[in-house]
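Before any comments, here is the structure.
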Amino acid sequence: MKVKVETLKAGDILLAHNTKRKHAAIYYKDGKVIHASIGEKGTTGNRPGDQTGREICVAALSGEWDYVLRCPDPEKALQAIERALAIAQDDSHGYDQVNRYGDPDYDCSSLVFAVYAALGYPVQKYGSWTGDLKQAFERCGFTEVKQVVYCNVELIEVYPGDKGQVVKTMQALLKLRGYDPGEIDGSNGPKTQAALDRFQRAYKLTPYDKVCGRGTWKALIL
């Protein structure tokens with residue numbers, strides 16, 4: 001499937017594993033990814049390090065992907081981008097499918113594994129290549145982002161103390177994102193407000209006013 005850029009966030013993992021393509025990358029920004037691409041002679045038998053400046057690099061998002069996986073911690077997702085960029089900009093690291101564990105080279109999947117493993121996610125305990133990357137990251141709390149087309153619906157702002165179906169929708173989305181609002185009862189009470197506050201702060205949705213407006217709705221839905 002073609003991935004919709006507007007649904008992606010920095011640090012998202014893009015995965016293709018099918019009969020036509022096997023690849024993994026980390027979404028950066030502005031329609032670009034960071035990935036271990038290809039060695040100067042192909043996939044194996046390469047000289048250590050980056051000989052072309054493109055073995056590990058920032059590139060335009062292209063092609064079709066089977067899955068998008070999202071880190072449960074937005075701050076660590078940004079840290080993952082910083083680590084991946086540092087590797088891409090260090091020409092002592094290149095691409096190799098044989099010597100692929102950062103000593104000094106990586107292939108596409110080991111780069112993704114290594115970046116998040118360095119942030120404390122034990123992904124390498126559960127997988128090591130594109131074939132088991134999805135299950136490995138899901139076991140570490142990453143969630144699959146469904147690439148769906150959203151209809152253009154204007155959702156009303158939700159204020160502390162509000163009640164009704166729209167509050168239930170907000171509560172359900174908060175719970176889905178891992179921010180417990182308490183009982184999904186349609187009442188925007190203290191526990192729901194606290195969950196919304198944590199969500200807004202995690203996603204830097206200033207001002208942190210516990211009001212679910214346009215920006216907060218967008219972050220909850222996408």
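These values consider heavy atoms only, across backbone and side chains, with no hydrogens, waters or symmetry-generated copies.
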Original post:
For Tyr27, what residues pass the ring pair (Phe, Tyr, Trp, His ring centres under 6.0 Å) criterion, not counting sequence neighbours?
Top reply: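 Tyr27 satisfies ring pair (Phe, Tyr, Trp, His ring centres under 6.0 Å) with no other residue.
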Original post:
Which pairs count as ring-ring contact (aromatic ring centres under 6.0 Å, His included) when at least one residue sits in residues 203-222, sequence neighbours excluded?
Top reply: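 Sorted pair list: Phe199-Tyr203.
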Is a side-chain N or O of [X] found less than 3.5 angstrom from the main chain of [Y], in a donor-acceptor match?
X      : Y      : result
Asn188 : Tyr159 : yes
Thr7   : Val3   : no
Gln124 : Tyr121 : no
Arg177 : Ala219 : yes

Subject >> Worked verdict on Thr143 versus Leu176 for side-chain contact (heavy atoms from CB on, under 4.5 Å) >> reply: CA-CA 10 Å; Thr143 55; Leu176 180 66; over 6 Å; no
Subject >> Partner of Asp50 by side chain to side chain contact (heavy atoms under 4.5 Å, CB included), out of Asp105, Asp90, Asp91, Ile87 >> reply: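 Single pass found, and it is Asp91.
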Considering all heavy atoms, the nearest [X]-[Y] contact:
X      : Y      : result
Ile81  : Ile34  : O-CD1, 4.0 Å
Leu78  : Ala10  : CD2-CB, 4.0 Å
Leu196 : Cys212 : CD2-N, 3.9 Å
Lys175 : Ile184 : CD-CD1, 4.0 Å
Ala25  : Val33  : CB-CB, 4.0 Å
Glu183 : Gln171 : O-NE2, 3.5 Å

pair [X]-[Y]: side-chain heavy atoms closer than 4.5 Å:
X      : Y      : value
Ser187 : Val167 : no
Ser128 : Ser109 : no
Glu144 : Lys134 : yes
Cys57  : His35  : yes
Phe142 : Arg70  : no
Lys204 : Glu75  : yes
His93  : Pro104 : yes
Leu8   : Leu14  : yes

Interatomic distance, [X] atom [atom1] to [Y] atom [atom2] [nearest 0.5 angstrom]:
X      : Y      : atom1 : atom2 : result
Lys76  : Arg83  : NZ    : CZ    : 10.0 Å
Asp107 : Asn46  : CG    : CG    : 11.0 Å
Asp66  : Leu133 : CG    : CG    : 11.5 Å

Subject >> Working for side-chain contact (heavy atoms from CB on, under 4.5 Å), residues Asp12 and Leu69 >> reply: CA-CA 6 Å; Asp12 282 354; Leu69 302 171; over 6 Å; no
Answer with yes or no whether the hydrophobic clustering places [X] together with [Y]; edges join I, L, V, M, F, W, Y residues whose side-chain heavy atoms lie under 4.5 Å apart.
X      : Y      : result
Ile13  : Val58  : yes
Ile56  : Tyr28  : yes
Met170 : Val211 : no

Original post:
Under the criterion ring-ring contact (aromatic ring centres under 6.0 Å, His included), which of Tyr126, Phe113, Tyr67 is the partner of Phe137?
Top reply: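 Testing Phe137 for a ring-ring contact (aromatic ring centres under 6.0 Å, His included) against Tyr126, Phe113, Tyr67 leaves exactly one candidate, Phe113.
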Original post:
Salt-bridged, Lys20 to Glu64, with N to O below 4.0 Å?
Top reply: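 A salt bridge is absent here (no side-chain N lies under 4.0 Å from a carboxylate O).
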**OP:** Considering only NZ, NE, NH1 and NH2 on the basic side and carboxylate oxygens on the acidic side, decide whether Glu55 and Arg47 come within less than 4.0 Å.
**Re:**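 Arg47 and Glu55: not salt-bridged.
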**OP:** Take Leu111 and Val115, measure what side-chain contact (heavy atoms from CB on, under 4.5 Å) needs, and give me the verdict at the end.
**Re:** CA-CA 6 Å; Leu111 174 66; Val115 163; 4.2 Å; yes
**OP:** Might you confirm whether atom CZ of Arg54 has over 12 heavy atoms from other residues, nucleotides or ligands at distances under 6.0 Å?
**Re:**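 For Arg54, atom CZ is not crowded (no more than 12 foreign heavy atoms under 6.0 Å).
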**OP:** Please say whether more than 12 non-hydrogen atoms of neighbouring residues, nucleotides or ligands are located less than 6.0 Å from NZ in Lys22.
**Re:**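 Yes.
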Original post:
Any side-chain donor-acceptor pair under 3.5 Å between Glu40 and Thr52?
Top reply: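 No.
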**OP:** Could you verify whether a donor N or O on one side chain and an acceptor N or O on the other, from Thr216 and Gln200, lie under 3.5 Å apart?
**Re:**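 There is such a pair (donor and acceptor under 3.5 Å, judged by atom type) between the side chains of Thr216 and Gln200.
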Original post:
side-chain contact (heavy atoms from CB on, under 4.5 Å) between Cys71 and Tyr116: does it pass, once the steps are laid out?
Top reply: CA-CA 9 Å; Cys71 180; Tyr116 274 106; 3.9 Å; yes
Subject >> Geometric cation-pi criterion, Arg100 with Trp129: 6.0 Å, 45° >> reply: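 Not flagged: Arg100 not positioned over aromatic ring of Trp129.
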